[in-house]
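All ligand and atom numbering here is 1-based and tracks the order in the structure.
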Amino acid sequence: MAATFGKYPSLDKQWRKMMFSFYPYLSTKNRNATQEEWKIRRLIWDFKDGKAFANVAHLVANKLIQLYGKETNNIIFACVPASSAEKNEKRYKHFSSMVCQLCGMYNAYDHIKVKGEKSAEHDNVSKSEIHNKQVIEFDQDFFKGRKVIVFDDILTKGFAYAIFANKIEKMGAEVLGGLFIGKTVYSN
Ligand SMILES: O=P(O)(O)OC[C@H]1O[C@H](OP(=O)(O)OP(=O)(O)O)[C@H](O)[C@@H]1O
């Protein structure tokens, strides 16, 4: 997010926090991907479709235990909602539950309701327009005064993560940082 620092002061504080991604995700703008890069793309695309989530759940839970140890029992795990309620359920319902079973965190899935849709992925719509189309309802009592880890499948510019983290903090929670399967890269 270094290139974006200073342009969006309200988001900077989220970008200064721990932001960990497991793999580089080669943008589809790069036509030539290696076998390894294709493996990562497939993993993430499958995950977006609600498949292959168990492997990712283990990866994420182990990382959270490594980062926070027994503190995981006091932390909420919250996934940045997908672009529609249907995609959100397919992608996160079982995944989020499994991560929390494995590492002992509180599962935010049932405490966040997604309504409406936002345009998905690499479209030409401005970010403000994207977020205006989707309404996210939070169970405020669940979040108030708690520590929260935010999860998303892909980190590109960091807006989805930081905007969501700000919404969570507006309810009186503290976001510790973000975990991502892949971080978009544009060249080999
Ligand atoms: O870091 P950013 O530049 O904000 O982009 C990251 C977001 O973009 C993707 O979502 P997308 O809009 O493609 O919708 P989806 O989650 O339904 O796939 C991804 O899942 C993140 O939520």
message: Closer than 4.0 Å to some heavy atom of A160 - which atoms of ligand 1 meet that?
response: 4 (O), 7 (C), 22 (O)

- prompt: Above 12 or not: heavy atoms from other molecules or residues under 6.0 Å from NZ of K115?
  reply: no

query: With Q35, which residues qualify under side-chain hydrogen bond (donor to acceptor under 3.5 Å, both in side chains), at least two apart?
result: none

query: So is Y161 polar-close to ligand 1, meaning N/O to N/O under 3.5 Å?
result: no

message: Check whether W45 forms a cation-pi arrangement with R42 (NZ or CZ under 6.0 Å from the six-membered ring centre, at most 45° off the ring normal).
response: no

field: Numbering as shown, the atoms of ligand 1 that approach F159 to under 4.0 Å (heavy-atom distance)
entry: 1 (O), 2 (P), 4 (O)

- prompt: In ligand 1, which numbered atoms sit nearer than 4.0 Å to a non-hydrogen atom of D152?
  reply: 20 (O), 21 (C), 22 (O)

message: Between ligand 1 and I154, is the shortest N or O to N or O distance under 3.5 Å?
response: no

query: Going by distance only, is there an N or O of K118 that falls short of 3.5 Å from an N or O of ligand 1?
result: yes

- line: Given the options V80, V148, V175, F164 meets side-chain contact (heavy atoms from CB on, under 4.5 Å) only with V80

task: Please identify each residue that fulfils side chain to side chain contact (heavy atoms under 4.5 Å, CB included) with L59, with sequence neighbours left out.
output: F22, Y23

field: ligand 1 atoms in contact with K87 (distance to a heavy atom under 4.0 Å)
entry: 17 (O)

Numbering as shown, the atoms of ligand 1 that approach A82 to under 4.0 Å (heavy-atom distance): 16 (O), 17 (O)

query: ligand 1 versus D153, non-hydrogen atoms closer than 4.0 Å: side chain, backbone, both, neither?
result: side chain

- prompt: In terms of side-chain heavy atoms, does N74 have a donor or acceptor partner in E71 at a distance below 3.5 Å?
  reply: yes

query: Distance only, no hydrogens: is a donor on one side chain within 3.5 Å (strictly under) of an acceptor on the other, for N107 and S97?
result: no

field: From the candidates K157, Q134, K183, the one that places a heavy atom nearest atom 3 (O) of ligand 1
entry: K157

query: When only distance counts, is L155 in polar contact with ligand 1, meaning an N/O pair under 3.5 Å?
result: no

